[in-house]
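Note sheet for the following structure.
Both counts, for ligands and for their atoms, begin at 1 and track the order of listing. Count residues from 1 along the sequence.
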Amino acid sequence: MENVIEIRGIIRNFQLGQETVYVLKGIDLDIKKGEYVAIMGPSGSGKSTLMNLLGCLDTPTAGTYILNGNDASTMTDNELAEIRNREIGFVFQTFNLLPRTTALDNVALPMIYAGASKKERTTRAEEVLTDVGLADRMDHKPNQLSGGQRQRVAVGRALVNKPSIILADEPTGNLDSKTSIEIMNLFDEIHAAGNTVIIVTHEEEVAEHAHRVIRLRDGIIESDVRNK
Ligand SMILES: Nc1ncnc2c1ncn2[C@@H]1O[C@H](COP(=O)(O)OP(=O)(O)OP(=O)(O)O)[C@@H](O)[C@H]1O
Ligand SMILES: [Mg+2]
């Protein structure tokens, strides 16, 4: 199977005044199309920094990142925005929905940047919201939805442009345990539909849904285990 992600020698430092903060210290990683991966590790080990690189929200200090055959490590901000919109669906711990915007319009938003017509956007957003179990909540705004429903909207928004990878950074971090299980069941369905899914989590029960668990420690990969 082809690699969706190929990372070689990724280093990410941050400059804080005179001080250099060394966060990712040499990461090599291949992820194949259709894999279901959990990334774990202590707070501060570099999980979100790595996810931001994978999601083309950031570029490395050194090393290469090939995403679906495109070298994302040397792209300009505009090129990154373009590849991100096409290839990446990102789900955040805090949902990051537009507050005064309906579920339908939140989900349809990435399609505006992709250049779809109003009719295409509405049809596709309705389809995706139905898939995530919110057919009866399309006109609700985020504050008229529960936490789990908000995260479903965010998952719908991540899926709407049919990206090649779905990245989720602690998607259940703000949800109670029952709602977390519902959201993880949704990720299981998304994976079963053929998507590549990468989830950062602190919780072993969440990681158990994945088929491969990568553990970071202090900016390097400590272990990488396929369990299914
Ligand atoms: N923009 C930045 N400038 C300076 N240091 C940063 C920056 N972003 C992250 N760091 C540092 O990098 C380290 C890793 O941060 P990161 O957010 O990747 O950790 P994490 O593994 O996601 O932790 P958590 O589990 O708490 O979310 C931390 O020590 C953090 O302070
Ligand atoms: Mg983090």
Nearest protein heavy-atom contact for [atom]: which residue, which atom, what distance?
atom                    : result
atom 5 (N) of ligand 1  : Phe14 CD1, 3.7 Å
atom 17 (O) of ligand 1 : Ser48 CB, 3.6 Å
atom 25 (O) of ligand 1 : Lys47 NZ, 2.7 Å

Quiz prompt | Side chain, backbone, both or neither: Thr49 near ligand 1, heavy atoms under 4.0 Å | solution = both
Side chain of [X], backbone of [Y]: donor and acceptor closer than 3.5 Å?
X      : Y      : result
Thr196 : Gly34  : yes
Asn161 : Pro163 : no
Gln144 : Lys141 : yes

Self-check item: Nearest option to atom 13 (C) of ligand 1, as decided by whichever heavy atom of Gly219, Gly44, Ser43 sits closest
Solution: Gly44
Quiz item: Are there more than 12 heavy atoms of other residues, nucleotides or ligands under 6.0 Å from atom OH of Tyr113?
Solution: no
Quiz item: If you round to the nearest 0.5 Å, how far is CG of Leu24 from CG of Asn13?
Solution: 9.0 Å
Any [X] heavy atom less than 4.0 Å from ligand 1:
X      : answer
His202 : yes
Glu170 : yes
Gly46  : yes
Pro42  : yes

Tell me yes or no: between the side chains of [X] and [Y], is some donor less than 3.5 Å from an acceptor?
X      : Y      : answer
Thr179 : Asp176 : yes
Asn78  : Thr76  : no
Asn68  : Ser164 : yes

Practice problem: Scan the protein's non-hydrogen atoms and note whether one is under 4.0 Å from atom 31 (O) of ligand 1. | Solution: no
Quiz item: Under the side-chain contact (heavy atoms from CB on, under 4.5 Å) test, which residues partner Ala158, sequence neighbours left out?
Solution: Val91
Quiz item: Are any of the N or O atoms of Val23 closer than 3.5 Å to those of ligand 1?
Solution: no
Practice problem: Looking only at non-hydrogen atoms, find the nearest pair between Tyr65 and Leu53 and report the distance. | Solution: CE2-O, 3.2 Å
Quiz item: How many protein N, O or S atoms are found at a distance of less than 2.8 Å from the Mg ion (ligand 2)?
Solution: 1
Exercise. Indicate the ring-plane relationship of His191 and His211, choosing parallel, tilted or perpendicular according to the 30° and 60° boundaries.
Key: perpendicular
